[in-house]
Each structure stands twice: as C-alpha cells, then as structure tokens.
Amino acid sequence: MEKFGKSQSVTRVEDVRFLTGHGRYVDDIAPEGAFYAYFLRSTVAHGEITELDVADAREMPGVHLIVTADDLVAAGVKLGLAGTTVKNRDGTRGAAPLRPMLAKGRVRHVGEAVAMIVAESMTEAKDAAESILLDIDDLPVHVDLAIGGEAIHPEAPENQAFDWGLGNEAATKAEIEKAAHVVTAQVLDNRVIVNAMEPRGCYAEVVDGRLHVAFNGQGVWVTKADLAHHFDLDAADIRVTNPDVGGGFGMKAMRYPEPFCAAHAARVLGRPIRWMSERTEAMLSDTAGRDLTTAATLAFDANYRITAYHIDTVANMGAYNSQFAQPIQTDLFSKVLMGTYDVQTAYMRTRGIYTNTTPIDAYRGAGRPEAIFVLERIMDEAARQLGVDPWVLREKNFIVPAQFPYTTVSGVTYDVGDFAMVLASAGREADRAGFAARKTASAAQGKLRGQGLCYYIESILGNPSETTSVAFTDEGATIFVGTQSNGQGHETVYAQFLSDQTGIPADQVTVVQGDSDQIATGGGTGGSRSVTVQNTATLATVDVMKDSFAAFLADAEGVDASAVSFDDERFRIAGSNLTPTMLEVADMARAAGREDLLSHTARITLDNRSFPNGAHVTEVEIDPETGVVTVDRYTVVDDFGNLINPMLAEGQVHGGVAQGIGQALTERVVFDEDGQLLTASFMDYGMPRADDVPMIGFSTECTPSLYNPMGMKGCGEAGTVGALAAVTNAVIDALWDVGVREVEMPFTPHRIWQLIEKAKDDSAAA
C-alpha cells in the first residue's frame, strides 16, 4: 500500500471540535433574527381534508406567514416531490402518484405536513397552529404489509406501487421441481426508525438576490437542482450548503417538504427562516427503513450444491414514493441477490405496496442488507434441514478465486475475492473450536447459547463520478470534495490521503465540503462510495499538480520536464540539488505571479464499483426465564481491499454492527389499526444502548479491488449488511434445542419468552 497510502490508523481530527462543543450544526448557525417555521401535521392516517381555515391563525401575535398547498400552487411552486420509479414486469412503469410538499385534498399518513406557520418565535408559531381549523373526514386505513385494502392513490390499484422481476422464472421453477432437496423460508425484515443523533433541520435566506438553503443532508447538488425546478429559478441564483451533520444513514439524503417550504417563505418575506425537527416529529416524518417480507426457496442437488434460488418479496413503500424507495428493494436488492454463491439460475419478484404509514427509503445499506439477510437466513435453515454444517454448506457453494471476474445472475461482475480465506480467518478469530465448551458453560448456568454466521457481500452504489480540487493558500492547502461527512471522519481521511500523496503535512490541509458555490459538482455521500470515489479523484488531481509543478520547475531550471520527478514528498531535478516540497513550489509559483498554478482540479468516473465482503460470527446467550438475549461475542473479518485508515474502517464497522444489533434485538415500530404510530418516542421505541453491544473483534483480509487504482473497497455499510443474519442465526441456534423453529426480529425479551413457553407447551402436548 506504500504507493497509494500509508494505511495508518490516524485518529479523527474533527473529534476535538465535536467533543468540545464547537461543531457547527444547522441549528447553531441559523442567521440571527431568523423567523421560526413550524409544521402543522396530520393526526389522521387517511382522510379527506374538508376544512383548512387559517384566517384566525394569520392574525395571531408574531405570525408573519402561513402556507398551505394552495398557497404554494398560487405562487407558481411546483408542488410534487419526485420519486424514482422502476419498470414493472409487463414493461410499464411503477406508479408515480403526486407527493405534495404540503397535503392537498387528502392526508395519507400521520405526520404528513398540512401547513407551515412562520412566526417570530417557536412558541408563537405553535400557538398559531392551535388556531388553525383543520377538519378531516376519516377514510379506511391500510397498514398491513399486504396487497389490497382501501385505495390510497388512484394510480395504484390494490395499492400496488410496482411489480418488478429479474431472472428466468421458468428455468428457476424447473430447477426447483427436479431438485434433490428444496428448502423454503418466510423472512420478515422489520421496519426501523433511523433516529440520527441530530434530527433534520434547515434554514433558508435570500442574500444579494440569491436563494441560500442550508440543511443537514448528505450532499447539496440534488437539492440545488430541485430548488431550481420547483421555483423555476436559474441554478446560478441558488446556493445550497451542508454544515456539520450529526448522522445521516441514508435518511438525510432524501427529498423532504421542509427545505422547500422554508425557501418559499424566505422568498416571500425577505427574511431568514429556520426549522428544526423535534424527536417525535422526526419519527412521524423522516423516512423509515426496511419493512418487507420475503418468501424464499433454495434448491440443492444431491451434493448440496445450490441449483436455483427463488424469492417473492412484498415491500412497504409507506404512503408515497420517497426518493429512492422503489429501486431499493428491486434493483439495489438484486445487486447481491446470490451473495457469494455460484448460482446462475434465480428469479426475484418484488411487489411494492402503499400503506398509510411514513414513507420508506434508504437506511444504512439500502437493499443489500435486506438481500443478504434473506439469503443467509435461508442458508442457515437449509443447513439445519439438510444436516450439514452451516460453515461447510457456505464454503461448498462459494464462488472460488479462479472464477473471477465473475458475472452474477443479476448481471453484476465481481472483480476479485477469496471468500474461503476470509471464512477460515473468521473461524480462527472467533475461536469457533471453543464454542462447544462455551455452550456447555452457559448451560451449566441455565442459559442457552447459540452461534450465528453470516457471509455477506456488498455492491458499492452511488454516483461513480467525483471531482477533487486542491487550492494552495498561505496556510497550506485546501481540498474541495464532492461528498458530505455525516460523522464518518472525512476531514481526517481526505487530509491524510492528500498528505500521503503529496507530502503536505496533514495539519496544513483544510477540507471543504457541502457548498455548491465552492464545489461545482459532486455525488454526495451514500452507498459507501465516499472514500473510494473521492480519493480516486484526489489521486487524479495530484497527478495534475505534479505535472503542472514539474513543468514549472523545468522551465525555471532550464531542463526538460522529464528531468523532474516527485517521490511523494519532494520534487527531484536531475543535475540539481534543488528538492522543493509541494508547498514550496506553490510559494515559488505565487512569487512568480503564476496564480494559475495555485488551483488544480480533476474529475474521474470509475468503470465499476467495489465489492467488500466478509464474515460475521455472533454468539448470543439467552436466559430462558426472562427471554433476555445478550450478544456475548461478536467477531468480524472483512475484506475491504487496501485500507487508507484502518481505525476509521473499524469504527464504521462498529457503528454498522450496533445498528444491526439494534434492529435485531430492540427496535420495533408499531402502528395500530388506525395508522397511529405507537412507538413515537424513546419511551416506546427501543434504541440499542451500550450494554446491548459487546466488544467487537475486527480484523481484515485483503484482496485488492481491481476497479480503482488504490485497490480499496467501501466499508461504511458493511457492518449492518452482515449483522442482521448473524444475530438472527445465533438466536435460532440458541433456541433450537428447546424446540423453537421460527423467529422474527426484533428479539425482545417478551417475544423470546413467549416462544420458549409455547415450545414447552407444544412439547408437553405431543
């Protein structure tokens, strides 16, 4: 890795700022004197708006503006927020009903924004909201994860958003019919609420005739384009910024009504407008994650090789198409449909449905955790039914190194991998050989112990193009990047990488992100793309810098450019003892009046994505008297290719695993039959806590990616992709000996206790 990075575990430089209260989050930096925005939200899951009278509220003290959908339309604002659609199996497009910025005519989920109140204080805005006359005639509510029910959108008969398919259905069914062994499973992937540490927020202002919107998102360019579209503005008249962001996880990458409504108010009033979500408000209005159920079938030959795979999924879209919702459980899911297994006969069908619930969209992993969860659950079920060691069954079906590059049944080409090597390493690191003794020790204490394995692979997603600019200043160098940190440590890793390539001290590198005025293009952050794509662009920018500075030095010294070289720290000039650093050459260029040499830019497009993969091994201990599940041991061995900063990679895995454990053990979203969210506070929604997460063993094996010059593979979502099945498989392993055969996340104490007691009753009855 010497050529492309020193692979040093450098601590995060931004943490000093964050931990000492010097972070600059959107609610900290809203302009002084900004008015406050508050959103009146529906308390009804489905109904016709028969009255919306804001006249009295407009006269309330401190109120400057109240906005409804009709007001937006009258002002010429394009009301509908766009959501990507997929192609149905019959060639038509998925349903695309209007998703209005503010409810128009009908509300479709509790928490849907109906009106925006702008006042001098939040208290005055809330008081005015109480004076709005809102009458809604209830309509039947559909919250079940099933096709049918009262129509939510006329564009979607039976509430079906799409019916998508991939693969050869007939061939897959034929293989299943003639298979020596067939295993089926029904797999539920429960809904989760994202709950970033910092809720969503924004402010909008008009500065020198230009609209400026700041929000805590995962990139600025989509929002800039959307603002230009909705308000019919020239993009040059819009600036969008992201300040520090306290967690995103995909949820903050989406289109939401609030920034557009705030922008409208700022344009109308000529005053800055600020909005910050409260926690329950966030639970009712942020996009949620997962929420799908899958019927899966695996076919095997007599030697336990997989011959076919068939899945049929029903995925919840919530009340509307959120930005990427339709592609997540279709195209993104399919990227890793067969995981690491050598199978070329498969069929995947997914039907999306609308329900009177909060919309669903990307959550850490976005489709890939869902796909791996289904596959690794049914692999474990197959091992039990076939009487085969689950580790052996996986290795028997792995794609082997000689098969790379390997094109999967879904048309994705994996470049490289050695899955058996990683699995063997995981067995050693997890002390698989000692599990039996640990199980016996647990039994002696009246506890049930189980071990779970998940082997995952992830397809890195997002925009394959990125731009890096580097500008030299009196203080050092500034690097402008097109991604947006949500807490991943980008300021550290980008400065570190530029320092590795140029010799510029990392503490003299300033990282600038999230400003559409300073950075012309960018792909934002999502899909574990940031470090791989951005650093590839930085590498190209460094080449531009080296060539430009070499030409400058050659001209100054009267030599050919070929006589000038750079060794990652200093330039060398043949026949000269002059060995300037990058910063020294920049100073020389400045002194010579060569301002053109003080800024350098390059843009790259990767031909393909990387494919991180690895093994998660979990051991849980269950108290049968209380149903409490304790994750006692957790081991991860990942193949992330070459690492820039191993410490940051490990931190990303730790965070992802914690989120996976949370979904598996504690996080349960409950809607009642009227569409009311019963888990809309931290009193009712079980976020994982420190004592739910064990120490996590982390190590890596390396097969460098062939799809980028540094051989890197993204790591941001890997922890979650592997965690769900690993924990679930461990829980079912622990419960197997007491007769429990099926489990569903989350494994709350009451649910597990009930399963154990039912198994006892069934055994006694038999």
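It should be emphasised that the depicted structure is a prediction, and the values quoted were computed from it without experimental measurement. All residue numbers refer to positions in the sequence shown, counting from 1.
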Using the rule given for side-chain contact (heavy atoms from CB on, under 4.5 Å), can you reason through Val731 versus Ile622, listing the C-alpha separation, both sets of side-chain angles and the distance that settles it, and then say yes or no? CA-CA 8 Å; Val731 169; Ile622 299 175; 4.3 Å; yes
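- Side-chain contact check for Gln403 versus Tyr414: every heavy-atom pair is 4.5 Å or farther apart.
- Remark: the backbone N or O of Gly662 is paired with a side-chain donor or acceptor of Thr666 at under 3.5 angstrom.
- Taking 4.5 Å as the limit, every side-chain heavy atom of Met710 sits out of range of all side-chain heavy atoms of Asn642.
- In this structure, the side chains of Gln488 and Thr483 stay at 4.5 Å or more apart for every pair of heavy atoms.
- Residues Lys252 and Asp286 are not paired through a salt bridge, judged by the lack of any N-O separation under 4.0 Å between the basic side chain and the carboxylate.
- Exactly one residue among Thr703, Asn708, Thr532 makes a side-chain hydrogen bond (donor to acceptor under 3.5 Å, both in side chains) with Lys713. That residue is Thr703.
- Counting only distance, with no hydrogens or angles, the side chain of Asn159 and the backbone of Thr355 share no donor-acceptor pair below 3.5 Å.
- Residue Glu370 forms a salt bridge (Lys or Arg N to Asp or Glu O under 4.0 Å) with just one option from Arg364, Arg191, Arg290, Arg377, and that option is Arg290.
- Looking only at distances, a side-chain donor or acceptor of Asp361 sits under 3.5 Å from a matching main-chain atom of Phe324.
- Counting only distance, with no hydrogens or angles, the side chain of Asp415 and the backbone of Pro405 share no donor-acceptor pair below 3.5 Å.
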Could you walk me through whether Phe398 and Tyr406 pass the ring-ring contact (aromatic ring centres under 6.0 Å, His included) test, one step at a time? CA-CA 12 Å; Phe398 277 158; Tyr406 180 91; over 10 Å; no
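- Between Leu461 and Arg368, the closest side-chain pair of non-hydrogen atoms falls below 4.5 Å.
- Judged by distance alone, with hydrogens and angles left aside, the side-chain atoms of Asp733 form a donor-acceptor pair with the main-chain N or O of Gln451 at under 3.5 Å.
- Proximity of a side-chain donor or acceptor of Asn356 to a complementary backbone N or O of Val141 within less than 3.5 Å is not detected.
- The OG1 atom of Thr345 sits 14.0 Å away from atom OH of Tyr309, with the distance rounded to the nearest 0.5 Å.
- Arg529 places no side-chain N or O within donor-acceptor distance of the main-chain N or O of Gln534, the cut-off being under 3.5 Å.
- A donor-acceptor pair under 3.5 Å links the side-chain atoms of Ser410 to the main chain of Ser334, judged by distance alone.
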Lys396/Asp342 under salt bridge (charged side-chain N to carboxylate O under 4.0 Å, His left out): CA gap, chis, key distance, verdict: CA-CA 9 Å; Lys396 180 184 286 288; Asp342 179 19; over 6 Å; no
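- Using a 4.5 Å heavy-atom cutoff, the side chains of Val533 and Thr536 are not in contact.
- In this structure, Arg751 contributes its side chain and Thr748 its backbone to no donor-acceptor pair below 3.5 Å.
- Residues Met379 and Leu298 have side chains in contact (heavy-atom distance under 4.5 Å, counting atoms from C-beta outward).
- We find that Glu169 and Lys173 are joined by a salt bridge, their nearest charged nitrogen and carboxylate oxygen being less than 4.0 Å apart.
- Here Arg741 does not pair with Asp762 in a salt bridge; the nearest charged N to carboxylate O distance is not below 4.0 Å.
- Under a 3.5 Å cut-off, the side chain of Glu458 and the backbone N or O of Gly722 do not form any donor-acceptor pair.
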Worked verdict on His142 versus Tyr354 for ring-ring contact (aromatic ring centres under 6.0 Å, His included): CA-CA 8 Å; His142 177 53; Tyr354 295 116; 10.0 Å; no
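- In Asp607, the CG atom is not crowded: 12 or fewer heavy atoms of neighbouring residues, nucleotides or ligands sit closer than 6.0 Å.
- Counting heavy atoms from C-beta outward, Tyr707 and Ser610 have side chains that stay 4.5 Å or more apart.
- Using bins of under 30°, 30° to 60° and over 60° for the plane-to-plane angle, the ring pair His616/Tyr634 lands in the perpendicular bin.
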Intermediate values then yes/no, side-chain contact (heavy atoms from CB on, under 4.5 Å), Tyr456 and Glu376: CA-CA 8 Å; Tyr456 81 91; Glu376 288 297 282; over 6 Å; no
